Amino acid sequence: MQIITLGNELLKQKATTVTEINDELIKTFGIMLEVMESDKGIGLAGPQIGIMKRIFVTHAEGDVKRFFINPSILETSLETSKMEEGCLSIPKIYATVVRAKEIKIQAWNEKGRPFTLEASGLLARVILHEYDHLEGILFLDRLTEAKRQRLIEKYEKQANIQK
Ligand code: ZN
């Protein structure tokens with residue numbers, strides 16, 4: 001399984017709701033964890049490996065591995081935090097992104113059980129970043145247009161992509 005990168009149209013598309021939690025989906029999670037860990041990531045969403053379903057995995061430092069199916073963000077704090085982010089789909093590009101500091105999320109786990117989670121700090125950030133992927137939003141889209149353009153150019157130069 002390969003991670004798709006910036007420029008691939010799939011990264012701009014909305015993922016669809018999971019209708020059945022079956023063995024195939026559980027297998028997908030295993031694959032996603034492997035891919036994420038081999039790239040030293042702390043989160044990976046379905047669309048990043050071309051699976052256009054509302055699923056993602058996280059493994060934030062100091063936290064357990066988590067599986068999210070059909071997540072909804074129930075609450076976001078007004079208080080925000082700034083943190084540098086990167087993305088496995090945009091290698092070697094980093095930028096400071098402003099996001100809610102605390103969140104409350106509801107989702108289903110790999111056993112098909114619904115759960116609610118309150119998260120803050122790095123975990124909240126990873127969850128919001130991965131959730132964005134399900135909406136076709138990249139962290140670059142959360143920057144100013146000028147900053148975004150500059151980083152895309154930097155990325156294209158690095159990746160040696162011809163315009
Ligand atoms: Zn990402």
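Note that the structure is predicted; figures quoted are calculated from it, not measured. Just follow the structure's listing: the first ligand is 1, and inside any ligand the first atom is 1.
Side-chain contact, S81 with R125: a donor N or O sits under 3.5 Å from an acceptor N or O. S89 and Q48 share a donor-acceptor pair across their side chains, judged by distance under 3.5 Å alone.
Residues Y94 and F139 place their aromatic rings such that the two centres sit no closer than 6.0 Å.
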Evaluation steps, side-chain hydrogen bond (donor to acceptor under 3.5 Å, both in side chains), between Q149 and E145: CA-CA 6 Å; Q149 282 308 329; E145 185 57 24; 3.0 Å; yes
Test log, rule ring pair (Phe, Tyr, Trp, His ring centres under 6.0 Å), inputs F29 and F56: CA-CA 8 Å; F29 275 129; F56 61 77; 9.2 Å; no
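Protein atoms that are N, O or S and lie under 2.8 Å from the Zn ion (ligand 1) are these: C87 SG, H129 NE2, H133 NE2.
Under the 4.5 Å side-chain criterion, counting only non-hydrogen atoms from C-beta, I3 is not in contact with M36.
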